[in-house]
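The structure under discussion appears below in the form of structure tokens.
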Amino acid sequence: MSLTITTWNVNSVRLRLDGLARLANEIRPDVICLQEIKVANELFPHQAIEALGYTHQAVHGQAGYHGVAVLSKLPIEEALPMHWCGKDDSRHLRVRINGFDLHNFYIPAGGDVPDRELNEKFGHKLDFLAELTEWFGKGAVQSGRAVLVGDLNIAPLETDVWSHKQLLKVVSHTPIEVERLNALQASAGWVDAVRKVIPPDNRLYSWWSYRAKDWSASDRGRRLDHIWVTPDLEPDIQHADVLRAARGWDRPSDHAPVTVML
DNA sequence: ATGGTTGCACGGCAA
């Protein structure tokens, strides 16, 4: 028995229905976790997605910004929209599928300036990570078997960015962010499932800016999207991949889907 | 050093 989970920052779910159909046909994930759906709950395109075989859907939407959703071929036994840092941003949806916990995150991007004194968005990003770390550290993962996915908006490894040196002061790859992400990972012993399959000596990206003239030729990417599992699931990791081709589809998201098969 | 693109609440803001 296997379970395939894909995470994808779609940058507007309503503009990415063709892409979702393609993902459903080409990868056939059992569960798809979306970020940046950019739509209120009542406007979520439930029927179009149901027609792709994802009859179970949990949505934690928001008009205009952010928003996360879980699409599943298996029943969603419980869905908990979560909130952090005293804000009502829709950035975390916790669901229970097949008896395991799945956490779908859209971590704050953090703005442009990597200094919390000058840029409160950067402070929010650091605080968000710290709150999660404390929460997971207190035993939020109870069942033992759990999966954490999403756009974590941090590329932790040198091989997760096109130029480690040139990105050290760029939000997403600064030392303080990497430190906070590593602390989050340690909080519940999370294992980076993608890097278990594709070792850290290989460059790997999941996001390329819209602003490049030729995103593929310049290939200035970053690995911002992640799939982590608890240690007891580590032996079950069968396969992992980034669907880089999706970045070249018509009207693409700036993120490519990341998939792990357990 | 600057500007480059996309998507949303149609226009400034976030990414």
Side-chain angles (χ1 to χ4, degrees), chain A residues 7-20 22-23 33-45 48-49 59-69 83-85 87-92 104-116 118-129 149-156 160-163 165-174 176-177 180-181 205-226 242 244-258:
Chain A
T7 180
W8 191 21
N9 178 324
V10 279
N11 189 14
S12 171
V13 66
R14 288 175 292 180
L15 286 182
R16 236 56 79 190
L17 292 172
D18 289 346
L20 273 172
R22 224 168 143 173
L23 175 70
C33 297
L34 303 178
Q35 304 87 35
E36 279 205 277
I37 61 174
K38 291 188 174 178
V39 68
N41 285 350
E42 56 271 25
L43 294 176
F44 189 83
I49 289 170
V59 181
H60 184 20
Q62 181 176 337
Y65 300 100
H66 323 314
V68 287
H83 296 276
W84 299 98
C85 297
K87 292 180 182 275
D88 57 7
D89 289 359
S90 299
R91 296 181 176 275
H92 178 196
N104 180 19
F105 280 105
Y106 176 52
I107 303 273
D112 285 333
V113 181
D115 180 339
R116 66 181 310 152
L118 302 174
N119 168 19
E120 65 180 31
K121 292 197 201 78
F122 193 71
H124 178 221
K125 182 177 197 173
L126 298 181
D127 293 344
F128 193 101
L129 291 159
V149 310
D151 177 3
L152 306 187
N153 263 316
I154 297 173
D160 290 339
V161 293
W162 65 275
S163 168
K165 195 178 167 189
Q166 286 182 253
L167 288 174
L168 273 170
K169 292 180 179 174
V170 174
V171 174
S172 72
H173 192 62
T174 64
I176 179 74
E177 290 171 273
R180 295 271 168 130
L181 190 72
Y205 314 138
S206 65
W207 172 88
W208 295 261
S209 171
Y210 282 128
R211 299 176 190 177
K213 277 181 191 144
D214 184 334
W215 69 274
S216 190
S218 58
D219 202 22
R220 295 187 169 191
R222 306 176 200 171
R223 188 173 71 107
L224 304 179
D225 304 276
H226 300 270
V242 176
R244 181 183 168 110
R247 183 62 180 78
W249 290 347
D250 285 343
R251 291 273 253 159
S253 168
D254 45 355
H255 294 252
V258 180

(message) Could you check whether A/S172 and A/E177, counting side-chain N and O atoms only, form a donor-acceptor pair closer than 3.5 Å?
(response)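 Not at all, the side chains of A/E177 and A/S172 share no donor-acceptor pair under 3.5 Å.
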(request) Starting from the 5' end of DNA chain B, give me the residue, A/G64 or A/G111, whose nearest nucleotide shows up first. (result)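 This one resolves to A/G64.
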(request) Between A/V39 and A/N9, just flag the one whose closest nucleotide in DNA chain B comes earlier from the 5' side. (result)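 That would be A/V39.
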Whole-Å distance between [N] [atom2] and [X] [atom1]?
X	N	atom1	atom2	value
A/D214	B/dT5	CG	C1'	14 Å
A/H124	B/dA15	NE2	C1'	15 Å
A/I107	B/dA14	CD1	P	19 Å
A/N119	B/dA15	CG	P	10 Å
A/D254	B/dG4	CG	C1'	14 Å
A/R16	B/dC8	CZ	P	8 Å
A/Y106	B/dG7	OH	C1'	11 Å
A/W249	B/dT6	CH2	C1'	18 Å

Please measure how far the [atom1] atom in [N] lies from the corresponding atom in [M], and state the result in whole Å.
N	M	atom1	answer
B/dG3	B/dA15	C1'	15 Å
B/dT6	B/dT2	P	23 Å
B/dG11	B/dA1	C1'	28 Å

(request) First locate atom CG of A/N9, then atom CZ of A/R16, and finally report the distance between them rounded to the nearest 0.5 Å. (result) 9.0 Å
(request) Among the candidates B/dA15, B/dT5, B/dC8, find the nucleotide nearest to the side-chain atoms of A/K38. (result) B/dC8
Just to be sure I understand the rule, does [X] reach a base, reach only the sugar-phosphate, or reach nothing, if contact means heavy atoms closer than 4.0 Å?
X	result
A/H66	sugar-phosphate
A/R251	sugar-phosphate
A/K213	nothing
A/A109	sugar-phosphate

(message) What verdict does the salt bridge (Lys or Arg N to Asp or Glu O under 4.0 Å) test give for A/R91 and A/D89, after you've listed the backbone C-alpha separation in whole Å, the side-chain angles of each residue and the deciding distance to 0.1 Å?
(response) CA-CA 6 Å; A/R91 296 181 176 275; A/D89 289 359; 3.1 Å; yes
(request) Determine the interplanar angle of the A/H92 and A/W84 rings, folded into 0 to 90°, and report it as parallel if under 30°, tilted if 30 to 60°, perpendicular if over 60°. (result) parallel
(message) B/dT2, OP1 or OP2 - any side-chain N/O from A/R211 closer than 4.0 Å?
(response) no
(request) Kindly say if A/S12 contacts the phosphate of B/dC8, meaning a side-chain N or O under 4.0 Å from OP1 or OP2. (result)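 For A/S12, the contact criterion (side-chain N or O under 4.0 Å from OP1 or OP2 of B/dC8) is met.
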(message) For a quick test of reading the model, state the closest non-hydrogen atom pair linking A/S253 to A/W8 and the distance between them.
(response)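 Where A/S253 meets A/W8 most closely, the heavy atoms are CB-NE1, 3.9 Å.
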